[in-house]
Amino acid sequence: MTICTHDNEKLGAIGGVLLEPASRRVRYFVVEEPRALRSRRRYLLAADTPAVLDATDCKLRVDASAGDLKRFDSRSVRTASDEDLVTAMFATPAA
């Protein structure tokens with residue numbers, strides 16, 4: 001799905017999400033920006049950023065700009081452990 005600003009500036013596409021295991025909530029969208037002749041760049045966009053789904057154009061229009069995206073290096077995120085899985089399965093429901 002393409003992510004755009006309300007002014008139709010293309011920011012990229014959703015390439016994944018980062019979850020917080022204890023609360024079982026999405027915390028960030030991983031936004032991928034394709035680049036010609038180079039590998040993709042990835043950025044983080046806070047999941048609580050106000051957004052509107054435009055189903056006719058298959059776009060997520062967000063109340064953000066390119067300057068609001070934070071550079072993302074997947075090596076900085078630890079892989080979920082078995083303990084994280086158990087926490088996510090048996091944690092009390094989020095309010």
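For Leu19, the side-chain contact (heavy atoms from CB on, under 4.5 Å) partners are Val17, Val26, not counting sequence neighbours. Residues meeting the side chain to side chain donor-acceptor pair (under 3.5 Å) test with Glu20, sequence neighbours left out: Ser23, Arg27. In this structure Ala51 satisfies the side-chain contact (heavy atoms from CB on, under 4.5 Å) test together with Leu60, Val62, sequence neighbours excluded.
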Q: List the steps, then state whether side-chain contact (heavy atoms from CB on, under 4.5 Å) holds for Glu9 with Cys4.
A: CA-CA 5 Å; Glu9 174 190 358; Cys4 297; over 6 Å; no
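How far CZ of Phe29 is from CG of Asp48: 9.5 Å, rounded to the nearest 0.5 Å. Distance OG/Ser65 to CG/Leu11: 7.5 Å, rounded to 0.5 Å. Atom CG of residue Leu45 and atom CD1 of residue Ile14 lie 8.5 Å apart, to the nearest 0.5 angstrom.
Nearest approach of Ala64 to Thr49, heavy atoms of both residues: CB-CG2, 4.0 Å. The shortest non-hydrogen separation linking His6 to Val52 is CE1-CG2, 4.3 Å.
The shortest distance between side-chain heavy atoms of Leu18 and Leu44 falls below 4.5 Å. Between Arg41 and Arg71, some side-chain heavy-atom pair lies under the 4.5 Å cut-off. Contact of the Lys70 side chain with the Tyr43 side chain is not registered, since no non-hydrogen atoms from C-beta on lie closer than 4.5 Å.
Counted within 6.0 Å of CG on Asn8, heavy atoms from surrounding residues, nucleotides or ligands total more than 12; the atom is thus considered enclosed.
Applying the salt bridge (charged side-chain N to carboxylate O under 4.0 Å, His left out) test to pairs two or more places apart or on separate chains, those with a residue in residues 53-63 are Asp54-Arg61, Asp57-Arg61.
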